[in-house]
Amino acid sequence: MLRILYLVHDLSDPAVRRRVLMLQAGGAEVMLAGFRRGENRLADIEGVTPLELGATADARFAQRLVAVAGAVARLPRKLAGLAKPDVILARNLEMLVLARRASTHFGTVPIAYECLDVHRLMLKAGPAGRLLRGAERHFGRKAGLVVTSSPAFIEHYFKPLSGIRAPIHLLENRVLELDGGDAGLPARKRPTGAPWRIGWFGAIRCRKSLDLLCAFTRRMEGRFEVVLRGRPAYREFDDFDGIVNREPFIRFEGPYRNPEDLSAIYAEVDFTWAIDFFEEGQNSQWLLPNRIYEGGRHGALPIVLEGTETARLAARHGVGIALADGRLETLTQRFAAFGDDDYQALNARLVALGTRPWVLDRADCTAFVQRLGALRQPSGQAAPLQPLPSLIANKVDCHER
């Protein structure tokens, strides 16, 4: 059994829980260590007791640097009781720093670098950007593999800007399904006269999206409603709870367990809001969010923005509704005359695809663990990696968005 030390920046992130479940399903023994950033009991993983390295705060970069520096100093003592791992998987740049220290502590352990978002600071042309990319290049010198979730991250960041030259493994943010079998998607039948519902689930951090949806639902006078679920990034909103409470056609229904609750929550909506303006022109244009896979798997049509990687994925599968831009007038005009016949035609395309384009199964989990296991060498050097016959070997949730 492959023993993996998984170093994470946020133990309360649901995406961390999902990755641990995936590694376990692939046959690995997982030791989890990282920082606590807020509380989310729904992200706890049965049978895994994480090793806490400290506390950090979202959007407080300087505080996180101090926390990482302190964790580096304390790491040998923290790791003293752990068995030597076969591979260290480091999620995000700050954990790559700790991975180098941990590898040395255990006597040289191969490292895989999981980077699922490209922060805007990494892309700056000035001294701050060069410093961060230099740190990534330095601490990633001994990484044997980069794991990322969108082809656009490779095209726009890892090839032209990042100094890491390790092989890259594309692992999409697909829905984790371990029960086997594929029952397919049933055609949806909506109650006559019911309002259309848009689901915005996951990491809720885009103020522009919230403003747009507030204005849209008011303009449509209740013909459309929006349901929010997940983890709001409260620092990105002046008053998230107040905004939502004042809106007559928008409601927030709290966190959920992924993947256990996905079927139930997506059954309540007709569309998935798969648009993100959080870092326009950069990360938001390149990422492939969890929600487009979740919605596709459970029959909710994606609403996407043309020119983004998300829109390209939807177009490749021939599903969803693409908006030319993020203006209220564009969104309103697209849905002004939208009716049941339009929905049924679009839904039929989604149903015809089945669930396979949107999910990871046990075979995919096993293939990923084998890919990590290929890093093991007696000398501690990474082994040459050969492509695996797996769905997940062909693609780039950083923000698990």
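Only this structure's heavy atoms are used, side chains among them; waters, hydrogens and symmetry mates stay out.
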| Is there any salt bridge (Lys or Arg N to Asp or Glu O under 4.0 Å) pair reaching into residues 125-136, and which pairs are they, with sequence neighbours excluded? | none
What pair of heavy atoms forms the shortest contact from [X] to [Y], and how long is it?
X      : Y      : answer
Gly27  : Met1   : O-CG, 3.0 Å
Thr310 : Pro289 : OG1-CD, 3.3 Å
Leu305 : Gly326 : CD1-N, 3.9 Å
Leu79  : Ala102 : CD1-CB, 3.7 Å
Ala67  : Ala55  : CB-O, 4.0 Å
Val304 : Ala274 : CG1-CB, 4.1 Å

| field | Reference residue Phe201; test side chain to side chain contact (heavy atoms under 4.5 Å, CB included); the match among Asp261, Val269, Leu262 | value | Val269
Please check if any side-chain donor atom of [X] sits under 3.5 Å from a side-chain acceptor atom of [Y], or the reverse.
X      : Y      : answer
Ser209 : Trp273 : yes
Arg223 : Thr217 : no
Asp276 : Gln285 : no

| query | Does atom CG of Asp341 have more than 12 heavy-atom neighbours, drawn from other residues, nucleotides or ligands, at distances under 6.0 Å? | reply | no
| query | More than 12 foreign heavy atoms under 6.0 Å from CD of Glu221: is that the case here? | reply | no
| field | CA sep, side-chain torsions, deciding dist, call: Asp364, Arg356, salt bridge (charged side-chain N to carboxylate O under 4.0 Å, His left out) | value | CA-CA 12 Å; Asp364 299 316; Arg356 189 55 181 149; 3.3 Å; yes
| task | Can you run down the ring pair (Phe, Tyr, Trp, His ring centres under 6.0 Å) pairs that involve residues 309-365, sequence neighbours left out, and say none if there aren't any? | result | Trp196-Phe338, Trp196-Tyr343, Phe224-Phe335, Phe271-Phe335, Phe271-Phe338, Phe271-Tyr343, His317-Trp358, Phe335-Phe338
| Pairs in or reaching into residues 87-113: which pass ring pair (Phe, Tyr, Trp, His ring centres under 6.0 Å), with residues at least two apart or in two chains? | none
| message | Quick check for you: to the nearest 0.5 Å, what is the distance between Leu51 atom CG and Leu11 atom CG? | response | 9.0 Å
| field | From Leu360 atom CG to Leu171 atom CG, the distance as rounded to the nearest 0.5 Å | value | 6.0 Å
| task | Please assess Glu268 against Arg229 for the test salt bridge (charged side-chain N to carboxylate O under 4.0 Å, His left out), listing each intermediate value before the final yes or no. | result | CA-CA 12 Å; Glu268 298 176 355; Arg229 292 179 184 265; 3.0 Å; yes
| field | Aromatic ring proximity, centroids under 6.0 angstrom, Phe216 and Phe249 | value | no
| said: Working note: Arg231 + Asp10, criterion salt bridge (charged side-chain N to carboxylate O under 4.0 Å, His left out); need CA distance, chi angles, decisive distance, verdict. | reply: CA-CA 13 Å; Arg231 302 176 72 203; Asp10 183 3; 3.6 Å; yes
Hey, are [X] and [Y] close enough for a salt bridge, meaning a charged N less than 4.0 Å from a carboxylate O?
X      : Y      : value
Glu294 : Arg291 : no
Arg91  : Glu114 : yes
Asp13  : Arg36  : no

| message | Checking Arg197 against Glu225 for the salt bridge (charged side-chain N to carboxylate O under 4.0 Å, His left out) test, could you report, in this order, the C-alpha distance in whole Å, the side-chain angles of both residues, the deciding distance, and whether it holds? | response | CA-CA 5 Å; Arg197 290 195 176 94; Glu225 299 177 348; 3.1 Å; yes
